[in-house]
Amino acid sequence: MSEVRVRIAPSPSGFLHIGTAKIALFNWLYARQTGGTFVLRLEDTDADRTEEEFVQAMCDGFKWLGIDWDEGPAFGDEPQKGDFGPYRQSERNQLHRDAGQKLLSEGKAYRCFCTKEELDIERERAQKEKRPPRYNGKCRDLDAAESQARHEAGERNVVRFKVPEGQTIIEDLVQGTVETQNKEFDDFVILKPTGDPIFHLAVVVDDGDMNITHVFRGDDHLTNTSRHAMLFDALGYDRPIFAHLPMVLDEQGKKYSKRLHGANVLDWREDGYLPETMLNYVALMGWSPGDDEEIFTRDELVKAFSVDRLGKSAAKFDMKRLQWINGQHMRTMPIEELRDRVLPRLSEAGIDFSGKSEEWLTQMAAICQEKLKTLNEIVDYTDFFFKDIDEYNAKAVKKQFQKEGALDRLEIILAVFQENDCTTQALHDAIEAVCEEKELGLGQINPLVRLSLSGKMMGPGVFELAELLGKDECIKRLENAIEYVKGL
RNA sequence: AGCGUAGUGGCCAAAUGGUUUAAGGCACAUGGUUUUCAUCCAUGCGAUUGCGGGUUCAAAUCCCGUCUACGCUACCA
């Protein structure tokens, strides 16, 4: 068996779609696991929809996910890689034309002079009579010489593939044996009047010429695969092994629309999700490990992946599950790494942390690690460190500051802070001791501390955050809180 | 209209004829964890395996039918 060669062939008409990412992931996993080659090929034949910035945007998505390619086209700073180029379909046009001509000259295809209008009428009639809409093969048996003459005279025509008799059998890695009667297919077009290829011809030629051995793609192509198989055969290529994967559905169970937030994989980066989360989650939509393991790093995925555990049914996107997976990854991440990933989110929120030491920032990340579900939540969890409290959480004010005895308790807390070292341990012990002495519960003290120091009712542990805030600042904030409560 | 694929608790899914009174996780609920939110831990909740037949001693698993969803049937990709 020759070396595994797989590919992802997106049409760069925008961003990297979550569905494309899923397909790319499985191709990539297979390549990495087998030591094979992962090829990036751009299906950019739809010229007006393809722009260089789209190519860049799409590849930014791949890079963020950590899906790297061994062969692919040049763009931006990327050099062309690989010996099977060009890797843009638009630059392979002549190859496709030649393949079409070859089939024509071998009698495996023929020119069709039917007009579009004729065919439209025929199709409509078929619909009305509840017959399957298929081309009737009118031009199939046209005399070759006559056909050529009409073509040379400039008569508009397309080239159709002459679908052979018999049946086509595909051994799909996911779908199993797919057997189709060739008579279910009409003679489909392979070359447009301009001589440009139709998609089906182009992919087959490209996959054939690039020696692609395995094709993992969306199951929307399952029916097309029989056509492709016939084309592979007719052109004398070895057929690759196919694996048709179910597509990604949105939370309503519909095909993931491009317009939906989250269709772009980079939307998830923006929302504070980790690339390994996306890989992990998407892998679990359509593949399951044999055991109860659910959390996988990129490397673990490469190791654990196996073709025979791919599923056939489509899965709906589930935000809650994604969040959970993200939390799991955040928790196992080295603290320095979490710090470095979280800091840019603070910058984006306009928070200036340049005055803090690296050690302090690491500590800040550490006290949040067990609580965060997304990177973005860091802002809500820590912004009070970097600015004065301009407003106390209204609900918390009602629940804490406006309670009977709040002021007395704040005075007690202030005394504790004044008399003790401002460390997690010291504060904890001191508060506990005071609680016992005054017969108070921690629940009557800690929420007041939190609210006074952070203005919020949630966040990192109170003593931990107090230590990071520093003694002077804590005392100042407690005094402010006392003034505030007096004014109520 | 033909052909194709899928249908297991709200969601992801395991189990391809029997060790299953259908795993596990998410979500949800309750309790505990230095208050609350979150995390974590524990417990719990919840499925006549789309529906109807059949084969079998035995079916989520095999067969037939049916419904629903999606895909392909483009001079789109």
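Quick note on labels: first sequence line is chain A, next is B, and so on, each numbered from 1. The figures here come from the full heavy-atom set of this structure, side chains too, leaving out hydrogens, waters and symmetry mates. The structure displayed is predicted, hence computed values, not measured ones.
A cation-pi contact links R160(A) to Y135(A), judged by a cut-off of 6.0 Å to the six-membered ring centre and 45° from its axis. No cation-pi contact links R156(A) to F113(A), judged by a cut-off of 6.0 Å to the six-membered ring centre and 45° from its axis.
Here, G65(B) and C72(B) have their C1' atoms 24 Å apart, quoted to the whole Å. The same atom, P, is picked in U5(B) and in C76(B); the two are 28 Å apart, to the nearest Å. For the P atoms, the distance from C70(B) to A23(B) is 31 Å, rounded to whole Å. The gap from the C1' atom of A47(B) to that of U21(B) amounts to 13 Å, rounded to the nearest Å. Distance noted for atom C1' between A1(B) and U8(B): 32 Å (whole Å). Look at the C1' atom in both G50(B) and U73(B): the space between them is 27 Å, to the nearest Å. U66(B) and G24(B) are spaced 33 Å apart, taking the C1' atom of each and rounding to whole Å. Separating the P atom of U49(B) from that of U34(B) is a span of 44 Å, rounded to the nearest Å.
Distance, K395(A) NZ to U35(B) P: 18 Å, rounded to whole Å. Spacing between atom NE2 of H96(A) and atom P of C76(B) amounts to 16 Å, rounded to whole angstrom units. The separation between D206(A) atom CG and A77(B) atom C1' is 13 Å, rounded to whole Å. Taking atom CG on L310(A) and atom P on A6(B), their separation rounds to 14 Å, with Å as the unit. If you measure from atom CG of D44(A) to atom P of C76(B), you get 17 Å, rounded to the nearest angstrom. Remark: P of U34(B) and CZ of R450(A) are 13 Å apart, rounded to the nearest angstrom. Here G4(B) presents its P atom at 9 Å from CD of Q181(A), a figure rounded to the nearest Å. For the pair D196(A) CG and A77(B) P, the computed distance is 9 Å after rounding to whole Å.
Using cut-offs of 30° and 60° for the angle between ring planes, the Y392(A) and F401(A) rings count as perpendicular. Between F305(A) and W287(A), the ring-plane angle classifies as tilted under the 30° and 60° cut-offs. The aromatic rings of W268(A) and H261(A) are tilted relative to each other, their planes meeting at an angle between 30° and 60°.
Here A29(B) sits opposite U43(B) as a Watson-Crick or G-U wobble pair (both hydrogen-bonding atom distances under 3.5 Å). Remark: U21(B) base-pairs with no nucleotide; criterion is Watson-Crick or G-U wobble with both hydrogen-bond distances under 3.5 Å. Across all strands shown, U61(B) remains unpaired; no Watson-Crick or G-U wobble contact has both distances below 3.5 Å. The partner of U34(B) cannot be assigned: no Watson-Crick or G-U wobble pair with both contacts below 3.5 Å exists in any strand. Partner assigned to A13(B) is none, using Watson-Crick or G-U wobble distances below 3.5 angstrom. Across the strands present, A1(B) finds its partner in U73(B); the criterion is a Watson-Crick or G-U wobble pair with both atom distances under 3.5 angstrom. Searching all strands for a Watson-Crick or G-U wobble partner of U49(B) with both distances below 3.5 Å returns nothing.
In this structure, H428(A) reaches the bases: a heavy-atom distance under 4.0 Å links it to at least one base atom across the strands shown. Within the nucleic acid shown, E293(A) has no heavy atom closer than 4.0 Å to any nucleic acid atom. Within the 4.0 angstrom heavy-atom criterion, only backbone atoms of the sugar-phosphate kind lie near G286(A); the bases stay farther away. Looking at heavy-atom distances under 4.0 Å, F463(A) makes contact with a base.
The side chain of F199(A) lies closest to A77(B), out of C37(B), A77(B), A6(B).
Of the two residues contacting RNA chain B, namely E377(A) and V462(A), the nearest-nucleotide position lying further toward the 5' end is that of V462(A).
E432(A) places no side-chain N or O within donor-acceptor distance of the main-chain N or O of H428(A), the cut-off being under 3.5 Å. Without hydrogens or angle criteria, K192(A) side chain to V158(A) main chain gives no donor-acceptor distance under 3.5 Å. Side-chain atoms of N280(A) come within 3.5 Å of backbone N or O of E294(A) as a donor-acceptor pair.
Between K312(A) and U5(B) there is no side-chain polar atom (N or O) within less than 4.0 angstrom of OP1 or OP2.
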Polar-atom pairs under 3.5 Å, protein N or O versus N or O of nucleotides 41-49 of chain B: list them with distances, or write none.
none

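Tested against D207(A) for a salt bridge (charged side-chain N to carboxylate O under 4.0 Å, His left out), the candidates R7(A), R92(A), R239(A) yield a single pass: R7(A).
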Subject >> Steps toward side chain to side chain contact (heavy atoms under 4.5 Å, CB included) verdict (L245(A), D219(A)) >> reply: CA-CA 5 Å; L245(A) 312 166; D219(A) 64 6; over 6 Å; no

Subject >> Residues V215(A), I241(A); criterion side chain to side chain contact (heavy atoms under 4.5 Å, CB included); working and verdict >> reply: CA-CA 6 Å; V215(A) 174; I241(A) 294 167; over 6 Å; no

**OP:** Determine, stepwise, if the pair Q323(A) / T277(A) fulfils side chain to side chain contact (heavy atoms under 4.5 Å, CB included).
**Re:** CA-CA 9 Å; Q323(A) 261 176 18; T277(A) 298; over 6 Å; no

Original post:
Where along nucleotides 14-28 of chain B does protein come under 4.0 Å, by heavy atom, of base (B) or sugar-phosphate alone (S), with - for untouched nucleotides?
Top reply: SS-------BSBSS-

Original post:
Reading nucleotides 63-75 of chain B from the 5' end, what letters show protein touch, with B for base, S for backbone sugar-phosphate only, - for no heavy atom under 4.0 Å?
Top reply: -------SBSBSB

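Here the CZ-CG distance, from F188(A) to D186(A), works out to 8.5 Å after rounding to the nearest 0.5 Å.
Residues P246(A) and K22(A) approach most closely at O-NZ, 2.8 Å, considering heavy atoms.
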